[in-house]
2 protein chains.
Amino acid sequence: MSTQKPAKPELRSVLLQAGREILAADGMAGLGLRAVTRRAGVSPTAAYRYFADREHLLAAIATSGVWELTADLETADRSAAEPLIAQGVAYVHFATANAALYRLIFGPERLAHYPELENALAAAYGILAARVAKTVAPGEAEDKSLACWCLMHGLASLAIDTRLPSDSGMPEALAARLVKALVPRG
Amino acid sequence: MSTQKPAKPELRSVLLQAGREILAADGMAGLGLRAVTRRAGVSPTAAYRYFADREHLLAAIATSGVWELTADLETADRSAAEPLIAQGVAYVHFATANAALYRLIFGPERLAHYPELENALAAAYGILAARVAKTVAPGEAEDKSLACWCLMHGLASLAIDTRLPSDSGMPEALAARLVKALVPRG
DNA sequence: GTTTTTGAGTTGACATTGTTAACTCACAAA
DNA sequence: TTTGTGAGTTAACAATGTCAACTCAAAAAC
């Protein structure tokens with residue numbers, strides 16, 4: 001007789017999933033360690049077998065999000081006539097579609113100390129920088145990559161906080177315009 | 001005989017000051033309602049006479065910071081040969097010199113609901129947009145202003161989180177280069 | 001000049017949170 | 001059969017945000 005249980009739930013990833021769901025439903029406000037374990041149907045302290053403390057749990061959730069973003073950038077880069085612009089659009093689309101998650105990633109100050117998160121972010125930036133390097137004069141690559149990244153992050157933040165001038169239209173369209181302004185041959 | 005007391009301490013602003021000090025010393029982590037009142041030498045609930053809850057207190061602290069930033073942008077704009085670039089430099093200088101405060105301002109999601117904070121931010125943006133409008137072709141002003149703002153915010157965030165490529169030099173210098181790349185006649 | 005009102009703050013309590021230390025207990029190894 | 005051990009639980013702690021009820025001095029009203 002086979003067990004009815006979900007076949008090795010792997011609590012660690014269950015917790016990440018629970019965190020993502022809470023994030024999508026209640027935003028950062030609801031994202032406590034106890035809330036996450038509660039939703040995972042497990043006792044609060046169970047999380048400590050997989051995460052040193054609450055911050056490490058949050059960092060892991062953020063990391064999972066960044067890998068998703070990286071994948072989105074990669075497909076955008078591959079599948080479009082204007083790859084750099086497509087990346088910009090994909091970036092702000094991800095941010096607006098996963099607002100709370102994006103805020104977790106770039107919100108608090110816990111960033112520098114989590115190598116996993118660092119790596120994921122470096123990978124995402126790598127996709128962008130590689131495309132810029134192929135699009136722009138060699139001497140300009142470094143600065144333009146950085147400028148693009150800043151531009152997209154800034155735009156995404158403003159869009160999420162509905163701080164864009166109300167007549168700016170869809171943030172994705174804005175992303176396309178702004179990236180084009182910075183790198184005309186995107 | 002004149003009183004020895006500090007002549008109408010105006011608890012509200014004392015609390016703001018205490019918050020700023022905590023922010024500078026311990027970062028956002030230490031910025032609890034109880035910590036603030038404790039440092040102000042007053043009981044925890046005293047804050048509720050001036051702020052509806054902890055978030056309103058934080059919003060007020062953030063607002064005070066944004067007005068400071070606005071003033072910095074204004075003087076930078078007035079006192080330089082290349083006013084737009086000076087604004088960019090002043091912006092990231094403020095952010096890096098007041099990292100925790102900057103994170104409070106742009107960190108959590110409590111933004112849209114605090115008109116005071118909204119106004120302060122609109123004022124800061126106004127300074128920038130006005131200068132861009134004077135520097136750039138009429139049709140381009142809107143988008144370029146926005147792009148500048150995004151650029152500066154993105155750069156400031158990355159600089160604070162030490163996520164800039166390590167060979168980028170001082171963030172202020174970087175700000176000058178990036179703004180110039182976007183608006184050559186800055 | 002006495003009474004009343006009120007503004008500004010305190011005390012004490014409550015529910016929640018993150019975290020720790022000590023435990024249970026099924027299952028694999030010996 | 002015994003012994004470990006991995007994965008989780010229970011019970012408790014200190015700290016937090018918040019509320020309701022109070023104190024009490026100084027200003028207003030009569």
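Within every chain, numbering begins at 1; the chains are lettered A, B, ... in the order of the sequence lines, protein sequences first and strands thereafter. No experiment lies behind these values; they were computed from the predicted model shown.
Note: CG (B:Leu33) to P (D:dC19) measures 11 Å, nearest angstrom. For the pair A:Met28 CE and C:dT17 C1', the computed distance is 14 Å after rounding to whole Å. If you measure from atom CD of B:Glu10 to atom C1' of C:dG7, you get 13 Å, rounded to the nearest angstrom. Atom CZ of B:Arg38 is separated from atom P of D:dA15 by 8 Å (rounded to the nearest Å). Atom CZ in B:Arg34 sits about 12 Å away from atom C1' in C:dT16, given to the nearest Å. Atom-to-atom, CG of A:Leu15 to P of D:dA7 comes out at 13 Å; the value is rounded to the nearest Å. For the pair B:Glu55 CD and D:dT16 P, the computed distance is 17 Å after rounding to whole Å.
Within the 3.5 Å criterion, the main-chain N or O of A:His56 finds a donor-acceptor partner in the side chain of A:Asp53. Although no hydrogens or angles enter the test, the distance criterion places no donor-acceptor pair under 3.5 Å between the side chain of A:Lys144 and the main chain of A:Val183. B:Asp161 places no side-chain N or O within 3.5 Å of a backbone atom of B:Arg163 that could act as its donor or acceptor partner.
Applying the 6.0 Å contact sphere to CD of A:Glu172 captures more than 12 heavy atoms from other residues, nucleotides or ligands.
Relative to the axis of its first five pairs, the axis of the last five pairs of the helix from C:dG1-D:dC30 to C:dA30-D:dT1 sits at 10°, rounded to 10 degrees.
Pairing each heavy atom of A:Val132 with each of A:Cys148, the nearest pair is CG2-SG, 4.4 Å. Listed here is the closest heavy atom pair of B:Thr96 and B:Ala159: CG2-CB, 4.0 Å.
Ion pair A:Glu68/A:Arg20 flagged as a salt bridge, since at least one NZ, NE, NH1 or NH2 atom sits closer than 4.0 Å to an Asp/Glu carboxylate oxygen.
Contacts between residues 40-54 of chain B and DNA chain D, counted as heavy-atom distances below 4.0 Å, involve B:Thr45, B:Tyr48, B:Asp53, B:Arg54.
By the criterion of side-chain heavy atoms lying less than 4.5 angstrom apart, applied directly or through intervening Ile, Leu, Val, Met, Phe, Trp or Tyr residues, A:Tyr48 is not grouped with A:Tyr50; the two fall into different hydrophobic clusters.
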